[in-house]
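Everything numeric here is computed off the predicted structure, so don't read it as measured data.
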Amino acid sequence: MTEWLKEAVFYEIYPQSFMDSNGDGIGDFNGIIEKLDYIRGLGCNAVWLNPCYDSPFKDAGYDVRDYRKVAERYGTEEELCRLFGEVHARKMHILLDLVPGHTSEEHPWFIESAKREQNEYSGRYIWTDSWFQRAEGFPYIAGECERNGAYVLNYFKCQPALNYGFLKPEESWQKPLDHPDCMATRAAVIEIMRYWLAKGCDGFRVDMADSLVKNDDAVKSGTCKVWRDMITRVQEEYPDAVFVSEWNRPTSAIGMAGFQMDFFLDWAGNGYHLLMRDYDASGRDDSFFKRDSRRRISDFLEEYLPQYEAIKDQGLYCLITGNHDMVRAACHLEERELKLAYAFLFTMPGAPFLYYGDEIGMNYQDLPSKEGGYTRTGSRTPMQWDNGINCGFSTAAPEKLYLPVEQGEDAPTVAAQEKRADSLLHTVRDLLAVRRRYADFQDHANLKIRYASKEQRSFAYQRGKLLMLCNPSGQEEEIALSDFAQEPWKKQYEIGTGEWKGRSYLLGAQSFVILSGEK
């Protein structure tokens with residue numbers, strides 16, 4: 001594993017919405033540069049930048065029109081490279097967002113592929129043999145191009161799927177993984193990665209990483225084979241290049257495909273979802289970190305632990321506060337509940353990912369869809385820096401903003417929370433400072449669950465010589481720790497209250513404690 005990942009803490013930036021430096025209502029590279037010291041001051045030493053390539057923005061930049069050109073609204077390539085340099089000057093790292101499964105329908109590759117005459121790009125995408133032949137089992141489009149065929153989509157209508165082949169071809173138009181057309185797609189994507197690594201980025205977060213090979217099997221062995229080849233070839237030239245997958249199957253992504261990191265993603269009903277976003281159609285939230293939840297930590301551990309144990313010596317299974325595809329946790333969790341949730345996330349194995357604005361509890365706004373955001377749009381609003389015009393995000397007229405800022409005197413801002421010693425912002429800084437302080441947090445294979453009961457909401461886990469105890473409920477609870485003596489475990493950090501009671505530990509309502517010592 002790349003050395004700097006051992007202590008990495010990531011900050012995800014949605015560039016449209018982070019900081020506007022030129023007053024046009026849209027965030028940009030120079031705005032990010034202005035705020036790098038803020039990010040470093042939080043305790044984050046790495047950045048994940050959402051797509052910044054040239055795009056028609058039908059899917060917020062995840063529909064790439066040119067991988068080697070930056071979107072004008074964010075600035076120039078020179079400014080992006082300056083961002084790389086400013087990040088590195090602060091001993092930080094930066095990942096770009098790579099979208100390898102599809103392009104925009106406006107990409108030159110697709111325009112050429114859609115032509116009637118055969119050319120070098122004809123096989124870059126997946127086409128059937130005739131306009132009348134359906135791509136059975138796949139979303140597809142027919143009747144829009146001069147080429148006699150239907151083409152397969154990877155997600156939205158504007159995103160034709162790149163051709164990496166089929167694990168088990170069943171039709172004449174389905175090509176095997178080693179077909180020259182499929183190998184050409186691999187080579188093209190490898191060159192894109194090399195291009196940006198040479199410019200100074202440190203690696204890639206990979207969008208829809210499991211979507212490459214079609215008719216793949218349950219473990220995505222075909223897609224894993226393709227990734228193993230591409231990552232290996234890139235790392236021959238850039239051995240420290242980092243890859244994190246949007247996959248949520250670490251045994252495949254890390255164990256088979258060669259990624260160093262994978263995300264535990266928010267899928268309805270899964271272990272991560274139940275921690276902070278377990279709300280039903282009526283709006284009731286039964287998330288584990290809600291004070292009055294019925295959930296137990298076992299609802300999370302039953303899914304998380306087997307996957308963690310399978311790859312703990314190979315890579316990082318990463319936990320996130322949120323991202324651009326999720327409803328913000330502050331939509332349903334109160335500040336104290338968020339503090340406990342973050343305390344848990346930031347002290348678990350894997351590199352934590354903090355979504356911009358989550359450190360101040362930015363709220364979800366119910367907004368019309370923007371650039372294919374739909375229900376996700378409300379989590380992509382401008383960062384709220386202060387109580388000035390547009391919350392300090394931009395000097396543009398409000399109607400020119402990419403999305404509206406939150407209205408109201410109680411809208412959380414960085415400036416307001418800087419002044420309040422017990423704010424969520426200060427809690428985030430304190431937690432990340434604790435994480436930096438102890439080497440045991442950099443050993444990602446040392447997690448031991450010390451207490452988890454189906455009858456009680458409190459739980460305890462150990463990382464080397466550190467013991468974390470959490471009680472998210474509204475009542476004090478006692479954790480039996482018969483394996484531990486009261487001494488020499490010493491309190492190093494706490495939210496709320498906690499104290500030893502013989503060989504048990506009494507945690508106050510909604511409390512989190514970090515102890516250090518010897519067994």
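- In this structure, the separation between CG on Asn323 and CE on Met326 is 5.5 Å, given to the nearest 0.5 Å.
- Applying the salt bridge (charged side-chain N to carboxylate O under 4.0 Å, His left out) rule to Asp54 yields the partners Arg65; only residues at least two apart in sequence or on another chain are considered.
- Using cut-offs of 30° and 60° on the angle between ring planes, the pair His324 and Tyr355 is tilted.
- A cation-pi arrangement is present between Arg328 and Tyr356, with the terminal nitrogen or guanidinium carbon under 6.0 Å from the aromatic centre and inside a 45° cone about the axis.
- Scanning all heavy atoms of the two residues, the minimum distance from His444 to Leu5 falls at NE2-O, 4.0 Å.
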Can you check side-chain hydrogen bond (donor to acceptor under 3.5 Å, both in side chains) on Asp240 and Thr2, steps first, answer last? CA-CA 6 Å; Asp240 292 328; Thr2 303; 4.8 Å; no
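- Heavy atoms only, all atoms of each residue included: Thr76 and Val70 are closest at C-CG2, 3.5 Å.
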Run the side-chain contact (heavy atoms from CB on, under 4.5 Å) check on Gln365 and Val405 step by step: do they pass? CA-CA 9 Å; Gln365 299 186 55; Val405 297; 5.6 Å; no
Begin with the C-alpha distance, continue with both residues' side-chain angles, and end with the deciding distance and a verdict on side-chain hydrogen bond (donor to acceptor under 3.5 Å, both in side chains) for Asp97 and Trp48. CA-CA 7 Å; Asp97 218 322; Trp48 157 26; 3.0 Å; yes
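- Closest heavy-atom contact between Arg73 and Gln16: NH2-CG, 3.0 Å.
- Ion pairing of Arg233 with Asp229 is present here, as a side-chain N (NZ or NE/NH1/NH2) and a carboxylate O approach within less than 4.0 Å.
- Each of Tyr272, Phe263, Tyr342, Phe346 was checked for a ring pair (Phe, Tyr, Trp, His ring centres under 6.0 Å) with Phe353, and the lone residue meeting it is Phe263.
- With sequence neighbours left out, the salt bridge (charged side-chain N to carboxylate O under 4.0 Å, His left out) criterion links Lys35 to no other residue.
- Tyr374 OH: 12 or fewer foreign heavy atoms inside a 6.0 Å radius.
- Glu191 has a carboxylate O that lies under 4.0 Å from a charged side-chain N of Arg194, or vice versa, which qualifies the two as a salt bridge.
- Ring orientation note: the planes of Phe138 and Trp173 are nearly perpendicular, at an angle over 60° on the 30°/60° scale.
- Classified by interplanar angle (parallel below 30°, tilted 30° to 60°, perpendicular above 60°), the ring pair Tyr317/Tyr304 is parallel.
- Using a cut-off of 4.0 Å between Lys/Arg side-chain N and Asp/Glu carboxylate O, Asp181 and Arg124 are scored as not salt-bridged.
- Salt bridge status for Lys199 with Glu78: absent, with no side-chain N to carboxylate O gap under 4.0 Å.
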Could you walk me through whether Tyr164 and Thr223 pass side-chain hydrogen bond (donor to acceptor under 3.5 Å, both in side chains), step by step? CA-CA 8 Å; Tyr164 294 88; Thr223 296; over 6 Å; no
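- Taking 4.0 Å as the cut-off between side-chain N and carboxylate O, Glu105 and Lys58 count as a salt-bridged pair.
- The CG atom of Asp216 sits 7.5 Å away from atom SG of Cys224, with the distance rounded to the nearest 0.5 Å.
- Salt bridge present: Glu144 and Lys157 bring a charged side-chain N and a carboxylate O closer than 4.0 Å.
- The distance from the CG atom of Asn45 to the CH2 atom of Trp4 is 7.5 Å, given to the nearest 0.5 Å.
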Test salt bridge (Lys or Arg N to Asp or Glu O under 4.0 Å) on Arg380 and Asp325; report intermediate values, then the result. CA-CA 9 Å; Arg380 301 175 176 185; Asp325 287 333; 3.1 Å; yes
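- Classification of Glu12 and Arg205 as a salt-bridged pair fails, no side-chain N sitting under 4.0 Å from a carboxylate O.
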Could you please spell out the steps behind the side-chain contact (heavy atoms from CB on, under 4.5 Å) verdict for Leu177 and Val226? CA-CA 8 Å; Leu177 275 58; Val226 170; 4.2 Å; yes
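- Using a cut-off of 4.0 Å between Lys/Arg side-chain N and Asp/Glu carboxylate O, Arg90 and Asp37 are scored as salt-bridged.
- How far OG1 of Thr381 is from CG of Leu403: 7.0 Å, rounded to the nearest 0.5 Å.
- For the pair Lys115 and Glu146, the salt-bridge criterion is not met [side-chain N within less than 4.0 Å of a carboxylate O].
- Under a 4.0 Å N-O distance rule, the pair Asp59/Arg376 qualifies as a salt bridge.
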Show your reasoning for whether ring-ring contact (aromatic ring centres under 6.0 Å, His included) applies to Tyr38 and Trp385. CA-CA 11 Å; Tyr38 164 80; Trp385 296 103; 5.0 Å; yes
Between Ser211 and Asn154, does the side-chain hydrogen bond (donor to acceptor under 3.5 Å, both in side chains) criterion hold? Intermediate values first, please. CA-CA 7 Å; Ser211 70; Asn154 212 39; 3.1 Å; yes
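- Counting heavy-atom neighbours within 6.0 Å of Tyr308 OH, excluding the residue itself, gives a total above 12.
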Given Phe204 and Ser245, is the side-chain contact (heavy atoms from CB on, under 4.5 Å) satisfied, shown in steps? CA-CA 8 Å; Phe204 303 92; Ser245 58; over 6 Å; no
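- Pairing each heavy atom of Glu117 with each of Ser122, the nearest pair is O-OG, 4.0 Å.
- Ring planes of Tyr74 and Phe29: tilted class, angle from 30 to 60°.
- Using a cutoff of 4.0 Å between basic side-chain nitrogens and carboxylate oxygens, Lys339 and Asp422 are not scored as salt-bridged.
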Given salt bridge (Lys or Arg N to Asp or Glu O under 4.0 Å), test Arg429 with Glu418 step by step and report yes or no. CA-CA 11 Å; Arg429 284 187 181 139; Glu418 290 279 16; 2.7 Å; yes
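- Distance CG/Leu319 to CG/Leu345: 5.5 Å, rounded to 0.5 Å.
- Aromatic ring pairs are classed by plane angle as parallel below 30°, tilted from 30° to 60° and perpendicular above 60°; the pair Tyr11 and Phe18 is perpendicular.
- Atom CZ of Arg116 is surrounded by 12 or fewer heavy atoms from other residues, nucleotides or ligands within 6.0 Å.
- Across all non-hydrogen atoms, the minimal contact from Phe441 to Thr347 is CE2-O, 3.6 Å.
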For Leu36 and Leu83: C-alpha separation, side-chain torsions, deciding distance, then whether side-chain contact (heavy atoms from CB on, under 4.5 Å) applies. CA-CA 9 Å; Leu36 285 178; Leu83 171 59; 4.0 Å; yes
Audit row: Trp267, His273, ring-ring contact (aromatic ring centres under 6.0 Å, His included) steps and yes/no: CA-CA 6 Å; Trp267 293 351; His273 183 82; over 10 Å; no
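- The salt bridge (charged side-chain N to carboxylate O under 4.0 Å, His left out) search around Lys214 returns none, not counting sequence neighbours.
- The aromatic rings of His107 and Trp109 lie tilted to each other, with the angle between the two planes from 30° to 60°.
- Residue Met276 holds its CE atom at 12.5 Å from SG of Cys331, rounded to the nearest 0.5 Å.
- Taking each heavy atom of Leu447 and Met348 in turn, the nearest pair found is CD2-CE, 3.9 Å.
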